[in-house]
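Chain A is the first sequence line, chain B the second, and so forth, proteins listed ahead of strands; every chain is numbered from 1.
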2 protein chains.
Amino acid sequence: MADVAALAKVSSQTVSRVVNGRTNVDDDTRERVLAAMGEAGYRPNSAARSLKSGQFRSIGVVLYTLSTFGNMRTLDAVTASSTLAGYSVTLLPVALDTEDGVASAVTRLAEQAVDGIVIIMEAQVLDRASITLPTGVPVVIVDSDAGSQFTVVDTDQVDGARQATQHLLDLGHTTVWHVAGPDAAFSARRRAASWRATLEEAGTPVPPPLVGDWSGKSGYQHGLTLAARKDVTAIFAANDQMALGILRALHESGRAVPQSVSVIGFDDMPDADSFYPPLTTVHQDFGEVGRLCMVKLLELIESNRPHPGATLVPAHLVLRSSTASPSRRD
Amino acid sequence: MADVAALAKVSSQTVSRVVNGRTNVDDDTRERVLAAMGEAGYRPNSAARSLKSGQFRSIGVVLYTLSTFGNMRTLDAVTASSTLAGYSVTLLPVALDTEDGVASAVTRLAEQAVDGIVIIMEAQVLDRASITLPTGVPVVIVDSDAGSQFTVVDTDQVDGARQATQHLLDLGHTTVWHVAGPDAAFSARRRAASWRATLEEAGTPVPPPLVGDWSGKSGYQHGLTLAARKDVTAIFAANDQMALGILRALHESGRAVPQSVSVIGFDDMPDADSFYPPLTTVHQDFGEVGRLCMVKLLELIESNRPHPGATLVPAHLVLRSSTASPSRRD
DNA sequence: ATACATCATGTTTACGTAAACATGACCGCG
DNA sequence: CGCGGTCATGTTTACGTAAACATGATGTAT
């Protein structure tokens with residue numbers, strides 16, 4: 001900056017003013033400074049800027065894996081929103097499963113140059129880490145039940161699972177089987193609970209849920225079990241990937257979808273409409289979730305005090321070809 | 001830090017020594033300082049640290065979208081590697097399609113607090129932006145043909161596409177049809193070129209490629225076209241998502257896979273083994289690509305001079321159930 | 001015993017920026 | 001014509017850290 005100032009024959013303060021777009025700079029001077037900046041290949045030093053201002057114009061996103069569709073879409077949306085707001089995004093991956101991983105993540109967290117943090121993490125991991133969350137840094141959480149303690153944004157999982165289950169009941173199925181996500185995942189538990197509640201409300205018997213791990217493979221395995229039972233006519237999979245595996249199992253077992261068995265998923269991942277048959281599923285608006293995360297986080301950063309509570313983004317059913325009324329059996 | 005120093009009754013310099021793990025500190029003093037740090041809730045200020053050291057311990061990842069499987073996996077791997085190396089990752093999204101988007105991305109790029117940059121971007125966008133890439137910042141590029149100018153890491157697309165095509169020829173198919181990715185994508189062009197070259201080498205006729213947009217939907221549409229042609233017995237899709245759409249089109253058209261038509265994909269996305277039937281595909285080792293990106297980038301950061309050239313990560317065929325020898329037609 | 005390492009610790013300084021304050025030029029109004 | 005006000009610009013300072021240098025205490029070899 002000193003070089004630029006010398007080149008333009010002004011003080012460094014004037015250069016600073018030009019860089020920050022202050023109005024009280026003469027047009028001639030401004031142009032001279034801009035030219036000098038180009039000539040000197042000047043790049044503002046964000047470290048010094050942050051040091052002076054106490055702000056980083058950056059938010060951290062903590063996640064334990066990027067490899068699920070939902071996390072990725074949420075991250076994408078958060079990134080887009082934060083960029084619009086002039087914030088950059090720093091990724092803070094957590095090595096799951098190990099106490100070390102969580103501990104080192106928290107350590108790194110405390111040292112990161114961020115104004116706020118978005119946590120996209122299962123509740124169970126959070127429980128271990130939350131105790132030592134750095135104080136004084138605003139936090140917004142996705143996919144968790146920590147709503148009483150923190151600001152939480154999430155899809156309305158309960159209503160989504162209810163819609164899926166009710167849709168199958170409305171079609172005339174006597175009951176709905178459920179292939180659930182892993183018990184450790186809070187969203188999986190919520191979807192399963194809502195499925196159960198919906199069946200109970202309708203006064204229909206509740207078949208035992210089959211617990212998968214979100215993967216297509218686990219869906220396939222449970223799908224084989226379900227396909228072998230003639231009384232199964234409707235399946236609610238806790239996500240689309242498992243639904244894909246279920247479809248494969250049903251096809252291989254000679255059960256036609258939707259004629260013999262109806263299948264419904266959750267997420268509406270990009271290619272759910274290219275499944276065979278195209279999958280009826282619950283659409284999650286990840287973009288909106290990400291956007292709200294940033295809105296909430298910016299509020300927290302500006303107000304500088306906690307504001308716990310959950311914000312739910314509605315989910316809606318997308319009707320495709322994998323669900324139908326049960327065919328008559330006489 | 002001054003507070004901590006006062007609490008521990010030492011100078012701030014000693015606190016700094018403890019924080020940085022220098023050995024020349026008395027054990028008693030060290031413990032006193034650590035206790036004071038805990039008491040004061042001290043968090044090192046990374047901005048000041050960067051200002052002093054001239055390093056940020058951070059790398060930037062430029063991408064134009066997070067919503068393709070490959071980009072996501074690459075980002076995941078880069079993040080994992082950089083975390084191991086003690087670097088954090090800053091996301092720098094580019095709004096595609098608009099000159100503004102590219103320009104503003106470059107501007108932000110120049111201001112970012114990063115020691116190096118990984119660019120995961122189509123070549124065409126890069127062409128427009130590369131001119132103004134900030135000088136003096138090491139850059140590694142994925143998915144691009146800029147190898148002569150920059151350091152490039154990528155999957156060996158050419159060999160992967162060759163393996164896929166050759167596998168189908170080896171099974172006895174007289175030729176292989178290709179559903180390509182968008183022309184704008186360099187990886188799509190490379191796969192298509194390699195498919196064509198393999199067919200020409202084998203002396204088989206080269207059917208006109210059908211150009212999709214990576215989506216399952218576009219695969220479905222081209223799949224319908226191909227399904228209607230009786231002479232089509234083998235299809236090479238440029239990615240798994242399009243292969244999924246092709247499978248759907250074939251099923252709906254009554255063409256059995258693999259008995260009537262063989263289908264092969266590219267990527268080996270997580271649920272390719274749950275397609276119906278499980279998809280034979282070309283496995284890309286995104287983890288290795290991401291790891292190599294970091295290795296190369298750290299080399300560049302340390303040596304401080306450019307080192308252009310491409311590093312290719314081998315791809316390998318994963319045999320599943322969607323390919324078979326053509327059935328005899330008499 | 002003297003001189004000279006070795007080691008823990010303290011003091012000074014600079015990194016690049018922008019707020020706060022200072023300066024001086026020019027304007028309009030009574 | 002002089003006064004306060006506005007405006008462009010310059011000067012000083014502080015942000016939190018760590019390198020460089022300084023100090024003083026202890027150990028050790030001759």
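Heavy atoms of A/Ser53 sit nowhere under 4.0 angstrom from any nucleic acid atom. Here B/Val19 lies out of heavy-atom contact (under 4.0 Å) with every strand. Within the nucleic acid shown, B/Ser11 comes within 4.0 Å of at least one base atom, counting heavy atoms only. Base contact: A/Ser16 has a heavy atom under 4.0 Å from a base atom. Here B/Arg22 lies in heavy-atom contact (under 4.0 Å) with sugar-phosphate atoms only. As judged by a 4.0 angstrom heavy-atom cut-off over every strand, B/Asn45 is placed among residues touching the sugar-phosphate backbone only.
The closest donor-acceptor contact from the side chain of B/Asp115 to the backbone of B/Ser58 lies under 3.5 Å. With hydrogens and angles disregarded, no donor-acceptor distance shorter than 3.5 Å links the side chain of B/Thr151 to the backbone of B/Val140. Checked by atom type and distance alone, the side chain of B/Arg57 pairs as donor or acceptor with a backbone atom of B/Ala85 at under 3.5 Å. Proximity of a side-chain donor or acceptor of A/Ser12 to a complementary backbone N or O of A/Ala5 within less than 3.5 Å is not detected.
With respect to the salt-bridge test (charged N to carboxylate O, under 4.0 angstrom), the residues B/Asp267 and B/Arg73 do not qualify.
In 5' to 3' order, the nucleotides of DNA chain C bounding all contacts with chain A (an atom under 4.0 Å from a heavy atom) are C/dG16 to C/dA20.
Both B/Ala48 and B/Arg17 sit near DNA chain C, but only B/Arg17 has its closest nucleotide nearer the 5' end. Mapped onto DNA chain D by nearest heavy atom, B/Ser12 and A/Lys52 fall at different nucleotides, with A/Lys52 at the one closer to the 5' end.
Using a 4.5 Å cut-off on side-chain heavy atoms (C-beta onward), B/Val114 and B/Phe56 make no contact.
Atom CD in A/Glu31 sits about 16 Å away from atom C1' in D/dA8, given to the nearest Å.
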